[in-house]
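To keep things clear, I will list the structure first and then write my remarks on it.
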Amino acid sequence: MTSKASSPGKVILFGEHFVVYGIRAILCAIDKRIFVEAEKTNDSSIKIKSEIGEISIDVNDEKLIESPLKPLHYLATKMIQEYDYDGGIKISVKSDIPIGVGLGSSSACCVAGAAAIANLFGKKSRDDILRLAIDAEKTIFQNTSGADCTVCTFGGLMQYDRRGGFSKINSSPNFHLVVANSKISHSTDIIVSNVKKFKENNENEFLELCKKESSLIDKVLGSLNKNNLPELGKYMLENQKYLEQIGVSNQKLQDMIDISKKESFGGKITGAGGGGCIISLTDDTNVSKTMNAFQKNGYECFSVKIDFVGLDNF
Ligand code: MEV
């Protein structure tokens, strides 16, 4: 029996990093997906194959694995133990989400992986899948806010905070996001730890920034309601300043923001920063111009729209 699931990637529109400390973030799923297929086997191994590598581990091997595929190994082991299954599991992953650049490839893999693997043993709800996915993500990123897995599971545009969970934002803004890749890879875990150090060394400044981010989010919700893209673009640039202040930007990312400002409504880092991608807010009038501006300067870019499906095929 084979079980298949797919999950979209995501962008954080506002509030990354601050969301780890309880501030609301606004994020959306994007129309690029990861696909996971899982199959029960008769041998006693967990086999995982993806673009980033391949592993085969005996189900009885208790040694902790050090691999980016660890969340999938965790999920397979958990299900085998929970259901007292005496065979193995074979998992394969295909993705059209660029890896390690802040677009949620890892969270989407946890969500699609949790659904494909768990459904080999019995039907689960989206909430169950989300819980499994967050536990799996914690094997490589202990301090996750849970925001990324949540939007990958439910899709659409949402506000999220650590305590209250998510609520969907029921406007359908007509924007395209131009995603430009700095080609600097980053580790979310390390950058989140660096922000923690910044917070510990600059308690008052960080508190002040949390307040500013929180009131910015209130204004953003108003602009989303009115579908006011020029206003939202201005708020993105404001959010970018806060991210610069906590040290997750760098010269290359700033140069990219300067390119973004020329044609789009505004832009910012999305996700952990330190590298990864810049998003620029556009509509039909300036999406091509913004893409051209990045390409002329040698940056790889593409445009995305909101995915309203979330976890699929399970
Ligand atoms: C990473 O995509 C977003 C961060 O806010 C971390 C998190 O929310 O878990 C940097």
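No hydrogens, no waters, no symmetry mates; every other heavy atom, side chains included, goes into these values. As the structure lists them, so they are numbered: ligands from 1, and atoms in each ligand from 1.
Residues Phe121 and Tyr85 place their aromatic rings such that the two centres sit under 6.0 Å apart.
Residue Asp218 qualifies as enclosed at atom CG: its count of foreign heavy atoms under 6.0 Å is above 12.
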Distances only, to 0.1 Å: what are the N or O pairs between ligand 1 and the protein that fall under 3.5 Å?
| from | atom 1 | to | atom 2 | distance (Å) |
| --- | --- | --- | --- | --- |
| ligand 1 | 2 (O) | Lys10 | NZ | 3.1 |
| ligand 1 | 2 (O) | Asp148 | OD2 | 2.7 |
| ligand 1 | 5 (O) | His17 | N | 2.9 |
| ligand 1 | 8 (O) | Ser145 | OG | 2.6 |
| ligand 1 | 9 (O) | Ser145 | N | 2.8 |
| ligand 1 | 9 (O) | Ser145 | OG | 3.3 |

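Between Lys241 and Glu244, none of the side-chain N atoms (NZ, or NE/NH1/NH2) sits under 4.0 Å from a carboxylate O, so this pair counts as no salt bridge. For Asp307 and Arg33, the salt-bridge test passes: some basic side-chain N is under 4.0 Å from an acidic carboxylate O.
In this structure, CZ in Phe141 is found 6.0 Å from CG in Asn143, a value given to the nearest 0.5 Å.
Between Ala118 and Lys124, the shortest heavy-atom contact is CB-CG, 4.0 Å.
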